[in-house]
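A short worksheet on the structure shown next.
Computed from a prediction, not measured in an experiment: that's the story for all the values here.
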Amino acid sequence: MVTFEEIKANEAIHTYIQKADDSLVALGFTEHSFAHVGMVAANAAYILETLGYPERTVELVRIAAYLHDIGNLVNRVDHSQSGAVMAFRILNDMGMDPEEIAEIVTAIGNHDEGTGTPVSPMAAALILADKSDVRRSRVRNQDISTFDIHDRVNYSVKKAELKINENHTLIKLKLSVDTHYGSVMDYFEIFMNRMVLCRKAADKLGLQFKLIINEQQLI
């Protein structure tokens with residue numbers, strides 16, 4: 001079986017992630033490199049592990065999360081679909097079982113809020129993990145005076161925490177936001193579609209999604 005550690009150690013995959021992020025640097029996007037995919041992998045695994053999914057399913061969602069943004073190498077537009085095709089080729093060449101490839105490709109192809117739908121538990125976990133990665137360290141621009149709204153929103157988030165309650169009925173995204181840099185309204189302006197998708201993803205997993213900003217529940 002192909003393992004998550006094999007994926008992380010694969011030089012070609014490392015190159016694709018780095019080059020995909022280089023393209024986003026040129027476009028002025030926030031960080032989508034190893035810190036991002038590593039955090040998404042950890043949170044996606046946390047979700048399925050907490051909900052009692054099999055160990056192999058947890059490992060597969062880690063792999064899907066690690067590969068989910070490689071389509072940015074082709075183009076930011078429809079990157080989830082191009083990334084799914086790239087992942088299929090990579091994993092097929094590595095000899096992964098077709099059933100497992102299918103699960104991973106489906107999750108990657110459905111993670112973007114523009115075209116994605118939580119059609120499987122893995123897709124749902126990937127969506128929630130990806131859309132909850134909002135943090136100051138993703139901002140590349142060092143000149144606060146030239147921040148766009150994405151920079152302001154990410155820079156304003158001092159802490160983000162994704163947690164499932166003990167009864168496994170709720171999943172909460174708790175944000176601590178410094179409103180000196182970005183307002184709560186700024187967050188909703190650029191992330192509303194993402195939060196709607198998170199609510200659908202949570203529902204797929206039998207959970208309710210709650211967004212809490214500065215201790216106030218907003219969704």
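- Between the side chains of His32 and Asn72, no donor-acceptor pair of N or O atoms lies under 3.5 Å.
- Grouping Ile, Leu, Val, Met, Phe, Trp and Tyr residues whose side-chain heavy atoms lie under 4.5 Å apart, directly or via other members, places Val40 in a hydrophobic cluster with Leu126.
- One finds the CD atom of Glu5 at 12.5 Å from the CG atom of Asn10 (value rounded to the nearest 0.5 Å).
- With salt bridges taken as basic N to acidic carboxylate O contacts below 4.0 Å, one links Asp21 and Arg140.
- Taking 4.5 Å as the limit, some side-chain heavy atom of Met86 sits within range of a side-chain heavy atom of Leu73.
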Got a list of side-chain donor-acceptor pairs under 3.5 Å for residues 167-176, not counting sequence neighbours?
unit_1 : atom_1 : unit_2 : atom_2 : d
His168 : NE2    : Thr50  : O      : 3.4
Thr169 : OG1    : Asn165 : ND2    : 2.8

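- Rounding to the nearest 0.5 Å places NZ of Lys8 at 12.5 Å from CG of Leu67.
- Connection of Leu60 to Val105 is established within a shared hydrophobic cluster, with ILVMFWY side chains joined at heavy-atom distances below 4.5 Å, either directly or through further cluster members.
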Ser156 vs Thr179, test: side-chain contact (heavy atoms from CB on, under 4.5 Å). Steps then yes/no.
CA-CA 6 Å; Ser156 71; Thr179 55; over 6 Å; no
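- Remark: Met94 CE to Met1 CE distance equals 13.0 Å, nearest 0.5 Å.
- Remark: His14 engages Phe34 in a side chain to side chain contact (heavy atoms under 4.5 Å, CB included) (not counting sequence neighbours).
- The minimum heavy-atom distance linking Ala87 with Ile108 is given by the pair CB-CD1, 3.6 Å.
- Not counting sequence neighbours, the partners of Arg135 by the salt bridge (Lys or Arg N to Asp or Glu O under 4.0 Å) test are Glu31, Asp133.
- Taking both residues in full, the closest heavy atoms of Ile164 and Tyr46 are given as N-OH, 2.8 Å, listed atom of the first, atom of the second, then distance.
- When every heavy atom of Ile47 is checked against every heavy atom of Ala129, the shortest pair comes out as CD1-N, 4.3 Å.
- Applying the salt bridge (Lys or Arg N to Asp or Glu O under 4.0 Å) rule to Arg136 yields no partners; only residues at least two apart in sequence or on another chain are considered.
- With a 4.5 Å cut-off on side-chain heavy atoms, Ser33 and Gln18 count as touching.
- Take Asp186 and apply the side chain to side chain contact (heavy atoms under 4.5 Å, CB included) test, not counting sequence neighbours, and it matches Ile149, Arg152, Val153, Ser183, Glu189.
- Among residue pairs with one or both ends in residues 92-110, those qualifying as side-chain hydrogen bond (donor to acceptor under 3.5 Å, both in side chains) are Arg56-Glu100, Arg89-Asp93; sequence neighbours excluded.
- The hydrophobic clustering, which links ILVMFWY residues whose side-chain heavy atoms are closer than 4.5 Å, places Val37 and Phe29 apart.
- For residues 57-77, the set of pairs meeting the ring-ring contact (aromatic ring centres under 6.0 Å, His included) definition, not counting sequence neighbours, comprises Phe4-Tyr66, His36-His68, His68-His111.
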For residues 191-218, please give each side-chain donor-acceptor pair under 3.5 Å, one per line with the distance, not counting sequence neighbours.
unit_1 : atom_1 : unit_2 : atom_2 : d
Arg194 : NE     : Glu113 : OE2    : 3.1
Asn214 : OD1    : Val177 : N      : 2.7
Asn214 : ND2    : Val177 : O      : 3.1

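- The minimum heavy-atom distance linking Ala123 with Pro118 is given by the pair CB-CA, 4.2 Å.
- Summarising the geometry of Ala65 relative to Ala41, their closest heavy-atom pair is CB-CA, 3.4 Å, with the distance given to 0.1 Å.
- Counting all heavy atoms, side chain and backbone alike, Ser82 lies closest to Gly71 at OG-O, 3.3 Å.
- Side-chain contact of Asn141 with Thr146: a donor-acceptor pair under 3.5 Å is present, judged by distance alone.
- For Thr57, the side chain to side chain contact (heavy atoms under 4.5 Å, CB included) test picks out Leu48, Tyr53, Pro54, Met122, with sequence neighbours left out.
- Taken from CD1 in Ile90 to CD1 in Ile7, the straight-line distance is 7.5 Å, to the nearest 0.5 Å.
- Counting only residues at least two apart or on different chains, no ring-ring contact (aromatic ring centres under 6.0 Å, His included) pair has a member in residues 88-110.
- Under the 4.5 Å side-chain heavy-atom criterion for grouping Ile, Leu, Val, Met, Phe, Trp and Tyr, Ile63 is not connected to Val85 through any hydrophobic cluster.
- Distance check, rounded to the nearest 0.5 Å: CG of Leu24 to OG1 of Thr30 gives 8.0 Å.
- Note on Met39 and Val134: separate hydrophobic clusters, where clusters join Ile, Leu, Val, Met, Phe, Trp and Tyr whose side-chain heavy atoms are under 4.5 Å apart, directly or indirectly.
- We find the OG-CD1 distance between Ser132 and Ile127 to be 11.5 Å, quoted to the nearest 0.5 Å.
- Distance alone, capped at 3.5 Å, is enough to place a donor-acceptor pair between the Thr3 side chain and the Glu6 backbone.
- Residues meeting the side chain to side chain contact (heavy atoms under 4.5 Å, CB included) test with Thr15, sequence neighbours left out: Lys19.
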